[in-house]
Every structure is written in structure tokens, then in C-alpha cells.
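Everything below concerns the one structure shown next.
Model, not experiment: these values are computed from the prediction.
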Amino acid sequence: MAALITGKPTFHSSAPPNLKNCTRAELQAYFDNTYDIDETLFTGITDDAFYMCPDRLRLPLVFYYAHTATVFINKMLAAGLIAERVNRDFEALFETGVDEMSWDDTENFRMGGEFKWPSLEEVHKYRMTVRDVVSTVIASAPFNLPINMENPLWAILLSIEHERIHIETSSVLIRQLPTKFIRGQPDVWVNAPISAGEPSGENKLVALGGDGVKAALGKPKDFASFGWDNEYGECHVPVPKFQVSQFLVTNAEYLQFVRNGGYHKPELWTKEGWKWVEYREVKHPVFWVCTQGCKNGCGDKGGLSSMSHCAPCEPLSEGTRDKKQKADPYYTDFNFKLRTIYEEIDLPSDWPVEINYHEAKAFCRWKGEAYRLPTEAEMALMRTPPAPGTENLLESEIIHKPDVQANINLKFGSASPVNLFAASSVGVYDAQGNVWQWQEDHFNGLPGFESHYLYDDFSSPCFDGRHTMILGGSFISTGDEASRFARFAFRRHFIQHAGFRYVVSTNETPVRLTAMPGEEPEIGAIPRCGPNAMFESTNVQLTLESCETADVKATEEFVSPAASFYPELAELCNSRAPQTEESRALVVGSGIGRLACLVSPAYKEVVAQDYCGVFTEAGKRLVETGAYTLTDGTAVEVPAGTVGDRIQFIQLTWLPVEIGLFDVVVVNLALERSLNPNAWLARFIGDILTPGGSLIIAATSPQMESASKILSSRSLRLVAQSTISPAPCEGDVAVITIWQ
């Protein structure tokens, strides 16, 4: 067994420190606890399992073992807490994972084939070095309180909470591994009891909401704990009367849906959900283990895709089967077990079922037309409210209670009976913890949403109408994930430690859905979903994803009076090109690509980045076909002299380390279109330029004034400044600065 632990085996999670008055020692202890739990998790799998893909659309487990450490380095570098990298190759390779776009996506090149990952010994050594670097920063960096969003130490809290998210996501992947790759449950691991002592009984409905009742959403900015960007903002949502199941839906309750042929009845599923069922050949929840040799969702590397978690066993006698099928035509010989993270156990009847959104919706339809999932606003009413006057105090959070009466923050290493802990003050069990709970709402920022400069794209790319919210946390949710303010979301086919409860209501559903250009959500899948349910994405970049917007951009670059801006800026960029054979240029905010085309003769490689996919796709067509045709039939032609095979168009909401170094980076009026200009400025200050390279920024005067203050306070030096007019920006004048 390879060495994995750089600290000590740890299971139980500590609570986050109070960021208004914590000490260095408390921050160090919280970091150590996080790092130790993450490493302990991986001790339960075999060495060869690290190079397997338990999910066909996820990277091998070695990536996640290393990834969390690289984030500490990348974020501390951006915050100015450190000046040098530990291992640039690792901090590029292990920086960015994959977002499971669809159940039928092709596998990433790093998931299989001949891709060579570093050895466990190398990664373990890297984690040990990073641990020392973080500890040194905690011990020596200026320790100014409170640690808030503007404090550089926020980078350490961000990285800690990021690792705690990955403790959960890695546990899901380990749970999907075939058991032959499980070494054994770590000695320190503690699973929940199978039973609470007596059955949970009938899943009765609890009445909540009503006239004049509003749910308050959003975390105060001065709250004394870390929060992700999507938690902040403020929203008060009216919640009409509704009834909600007192318990999460249990395995026993969901088993009736399976026995009744739920996975064979397309009328119970949304269009998207049924496509998923057919493609994945799903017959039951992914963590249930049957005797039918079901298809798994593992990747091909190591032959995992040919291994079934559901190994065939001795069937029932023919007479017994016939008798059961007469009573239920959908009856099968399924003798289910449950896969926990490390073990297979008999299916616990009173544990919550763990499924995806599609499965939860199908169950609700099976129950009846009046049934649906809860909404975020309704969920807020299910918890025990903080005592009056304590709403903004850290002590109001469940994991800061002296004796946490919920399956959260790793009280157990598995789900637990739905009646193990007492109900909330309004009569709802597991209002926080046990398993995440699927909601009807799409993921979106709250009013007043702002991204943070250290992780500009943590939430905003998911405000796309394709990510559905999960709330409440699970047994393995720790730190910020265990907060009542935590808001997370996944694609609807995504596998997580997530379950659901159901709602019955005859009133309008207080749901928040995201309207995206050219897309219509399946509103009909949500009972009593009115016109007030649609909200524009708080990620304004996503609202630009339309052919009409691409046409406007093409006209701006090629036809408008301000089109002369691009040749002038290109001439300036080309004058800074080094006389080398391997010169590289990066165009940030490439739009349709005219600027990238104009600089292509001067550089060996030009990377043309934009936030908007419609822009980069239009740029590809422009270069590949020689023209871009607008929707009205008119066309703009590729500039003369363009060397198309030198240009790579790429949609990015962030510049990963693996993009490499550039001799010239030109920011093409992109700060004005970014969600957080400071995030991009922090990246430009980092290691994006080759030694002696140039950063050229085109921006409006107000934006340039703000940017110059940040850039001049760090490692860059202003060497030239000018203006270009007319320019395609507010005021028709662009300020141009060159930095080295």
C-alpha cells in the first residue's frame, strides 16, 4: 500500500473557526482536520483504484487526491500569500476537472487511453510539501481580523472549504467503485445504525407556509464563517400553504415504485429523464445492488465498464416467481443490497433512498398529479429557526451546537434511519443532514450576487437552467456544506449522496427557474408553475449566448465605424511580438475573432479566449470557412493574411494554469464583460507571461483607472499608455496600457 497520509487518520470533523476572533492555532487545526479527513478517505481503496474512473465522465481518483492540494497553491498565489509555485506541472495537470455536461458525453482524454498520470509516491510527496507551505503561511502571514472576503487569508479558507466539498465528491466516486478495488473501511470510520429501534412508520404530511408567510434567503456578508459567492444576496419569497412529507423518502417507500415498474413507464418521467433512463439502461438507484448484472456507469480505464456491481446469483424457484408475478406484473428477482462508501449491506428499509433528480421526479408523478419536489423557499421553512436575536451569530448554525442532533458533519460515515433524530420544531425530520435533498429550483444567484475574485467561476457557469439545486447537506457534508446557508446544484442526472422528500399543494409553486436564450425549461413537469417562476440568469455572460448577440458582435468588429479599433490594436500587439520561432499570444475577450486573425501572422500560436460559446464557435467558422454569415444572410470575411492554423478558439470562464505562458497577453475590452474584473487582473499578475512578456489592456477609462491601481501595486510595471478612438465601448474611446 502506497503512503497516503501526511498527518494522521481522522474521521470526525471539527467545526469551522469564528472568522471574527479566531487564532492562528484554530485556523491551523481546521486546515489539518480537513487535510487529514480527505487523505483518510482514500486509504480504503487499493493502489490501482487510483487510476480507475468510477464514473465514465469523471477523472481517475488520483486526480482528486492531488487536486485539492493544487487549489491551495493556485489561490494563495492569486491572493499574494506566496510568490512561487511548488510544482507548475502538477498545478496545471491537477487544477481543472470536468463538468459532467450530459449522460452521453464522450470521455475526457485524461480518463483512459495511454494518458500517464504521476505515481502515488509523487503525489503524496507533493501533498506533503503543500501541507508545509500552507502551515508556513498560516504561521507567518499578517493575521488581521476579521478574515473576510477582502482579507488575503480568505484564500486559505476558500481552499479548505473546496477540499471539504471534494471529500464528499470523492466519497461518491469511491462508492461507485467495484468492491474488488476496496481495500476495506478505514479503522476510524463509523457507520450509522441500521435501525432507530422502531420503524419510521407512515410518512405523514406536515402543513407549512400560508398567507403572509415569506422565506428569507441569503447569508449576511458579515457572518463569521466562510461562504461561497452564491450564498450571499438577499431574497424574501412568499410561500403559500403546502404540505411536506415529514420524512425523507426511504428505501422501503421507493422500493414500491421500483416494484411497480417505475423504471419501465416513460409517462412517469420528464423527456430529459426518460432519455437518461434509456441511455444508461437504468433499473434501480445506482447505489442499490441487485442480482441482474445491471450495466454500470464506470469508465473504460482498467476494464471497469465491463464490471457490474449487480452480480447475478441463484434465482427464485419458478413457482415462487410465478406467484409473485401474478400479484405484480413488474416483479423481478431483485434481492437488493445497498452499497455504502466501502461496503455492501442488506438494504436498510428506513435509510433514505439516494437517487438523482430524474428519479425523484418520476416517483412524485407515480404518487399522483398533486405531488412534486420542494422548492428552496419551502425548504427554508422546514428547519428549526434560530432563536430570536441569534440569526447572525455563528452559534445559530447546527454544527456549532454542543451536541449536534443530526447526521451531518461526519457524525456517521453513511446515511442513517430517517427517524433516528428528533424532528425540527415544525415537525420535519432530517431538515438538515442525512442526505442532500433535490429541489425544483434551478441554480441561480440571489439578488445582489457578486462573484469573488479568487474563484470567479465557482458558481456562475452553473446559472444556466441545466443545474438543479440540492439543499440540506448529507452525512459527509462538513464545514460550509453543513451550513443552513449552503446552496449547491448539479446536473439533473448527477449522482450524489442525495435523496428527496415530496410536497403536496394546490397553490402556485414558489419556484425559481432560469430562462436561457433559445431554451424552454419543462415547466409542465412542475405542478402549478406560473409565469412568475422564470428569472433571468444572474450570470450576464450566459444571457449573451444567442445568434443575435453573435451577429451584433460580428457587426461591431467588421462593419461598424468602430471596426478600425481592431487593426490599430493588432498593430500594437504585433510590435511587441518577440523574434522567436515559438512565440505565443493570448487574446482575452476574442469575440468573433477579428483581432486574433490580425495578430496571427506575427505569432506561432494565438489562443483566442472568450466567455461566450457563440462567439468562439463563430470565430471557428470564420477561420475554417473564410467567412461568418449573419442570420440575415450577410457575411463578413476573414481578414487578409490570416494564418488560420495558428489560431485556437476556446471558451473559458477562467484561465487555467495548463493554458501555459504567453509572450503577449492582450485584453480586448474584456474586463467590462467579465463578472469580476479583479479576478482576471489577479490572474494576469500571476504566471501568465513569459519573462519579459507584455500585458496589453484595452479598457474604458474608469475600468483602466481601477485596473492600474491593482496592477501597479503588485509585480507589473507600466511601460506605455495611449488611446484609440473610435472604439467599440462606452464613450467610444479605449485606453491602452502596456505592462511588463
Using the ring pair (Phe, Tyr, Trp, His ring centres under 6.0 Å) rule, take F287 and W351 through it: C-alpha gap first, then chi angles, then the decisive distance, then the call.
CA-CA 12 Å; F287 297 131; W351 286 18; over 10 Å; no
Before we go on, tell me: are the rings of F42 and Y64 under 6.0 Å apart, centre to centre?
no
Tell me if a side-chain donor or acceptor on N434 pairs with a main-chain N or O of N407 at a distance below 3.5 Å.
no
H162: which residues meet the ring pair (Phe, Tyr, Trp, His ring centres under 6.0 Å) condition with it, sequence neighbours left out?
H67, H166
Please step through ring pair (Phe, Tyr, Trp, His ring centres under 6.0 Å) for the pair F336 and W288, ending with a clear verdict.
CA-CA 6 Å; F336 289 110; W288 287 15; 4.8 Å; yes
Hey, does L19 have a side-chain heavy atom less than 4.5 Å from the side chain of N148?
no
Do S13 and N409 have side-chain atoms, one donor and one acceptor, less than 3.5 Å apart?
yes
Indicate the ring-plane relationship of W154 and F226, choosing parallel, tilted or perpendicular according to the 30° and 60° boundaries.
tilted
Taking side chain as C-beta onward, heavy atoms only, is I688 less than 4.5 Å from I659?
yes
For F94 and Y126: C-alpha separation, side-chain torsions, deciding distance, then whether ring pair (Phe, Tyr, Trp, His ring centres under 6.0 Å) applies.
CA-CA 11 Å; F94 294 111; Y126 175 78; 7.5 Å; no
Can you confirm if the aromatic rings of F475 and H497 lie within a centre distance of less than 6.0 Å?
yes
What's the shortest heavy-atom distance between N33 and T10, and which atoms?
ND2-CG2, 3.7 Å
Can you measure from OG (S170) to CZ (R58) and round to the nearest 0.5 angstrom?
10.5 Å
Indicate yes or no: at least one non-hydrogen side-chain atom of Y357 is less than 4.5 angstrom from one of F490.
no
Please name the pair of heavy atoms, one in R183 and one in T46, separated by the smallest distance, quoted to 0.1 Å.
NH2-CA, 3.4 Å
Which heavy atom in K411 sits nearest to a heavy atom in V404, and how many Å separate them?
NZ-O, 2.9 Å
From I341 atom CD1 to L177 atom CG, the distance as rounded to the nearest 0.5 Å
11.5 Å
Side-chain donor-acceptor pair under 3.5 Å between E397 and S483, yes or no?
yes
Is there a donor-acceptor contact under 3.5 Å linking the side chains of D38 and T68?
yes
If I take atom OG from residue S414 and atom CD1 from residue I476, how far apart are they, to the nearest 0.5 angstrom?
10.0 Å
Do the side chains of V588 and F684 get nearer than 4.5 Å, heavy atoms only?
yes
Correct closest heavy-atom pair for C310 and H284 would be SG-NE2, 3.5 Å
Is a donor from one side chain sitting under 3.5 angstrom from an acceptor on the other, for T616 and D610?
no
Considering only NZ, NE, NH1 and NH2 on the basic side and carboxylate oxygens on the acidic side, decide whether E344 and K337 come within less than 4.0 Å.
no
Aromatic ring pairing W117/F63, orientation class (parallel under 30°, perpendicular over 60°, tilted between)
perpendicular
Going by heavy atoms in the side chains, are F181 and I174 under 4.5 Å from each other?
no
Can you confirm whether the side chains of S459 and D229 place a donor and an acceptor under 3.5 Å from each other?
yes
Tightest non-hydrogen contact, residues V188 and F11, listed as O-CB, 3.3 Å
Quick check: do Q609 and Y611 have side-chain heavy atoms less than 4.5 Å from each other?
yes
So how far is it from F494 CZ to W438 CH2, rounded to the nearest 0.5 Å?
8.0 Å
Give the minimum heavy-atom separation between P186 and T43, together with the two atoms involved.
CG-OG1, 3.6 Å
Cationic N near anionic O, under 4.0 Å, D32 to R131:
yes
Tell me whether the NZ or CZ atom of R584 lies within the 45° cone about the ring axis of F662 and under 6.0 Å from its centre.
yes
Would you give the length of the straight line joining atom CD of E95 to atom CG of N74, rounded to the nearest 0.5 angstrom?
4.5 Å
E122 meets the side-chain hydrogen bond (donor to acceptor under 3.5 Å, both in side chains) criterion, sequence neighbours left out, with S119
With side chains defined as the heavy atoms from C-beta onward, is the minimum distance between V657 and R88 less than 4.5 Å?
yes
Can you pull the salt bridge (Lys or Arg N to Asp or Glu O under 4.0 Å) pairs that have at least one residue in residues 155-179, sequence neighbours excluded?
R127-E163, R175-E354
What's the spacing between Y455 OH and L158 CG if we round to 0.5 Å?
8.0 Å
Side-chain heavy-atom pair F412, P193 within 4.5 angstrom cut-off:
yes
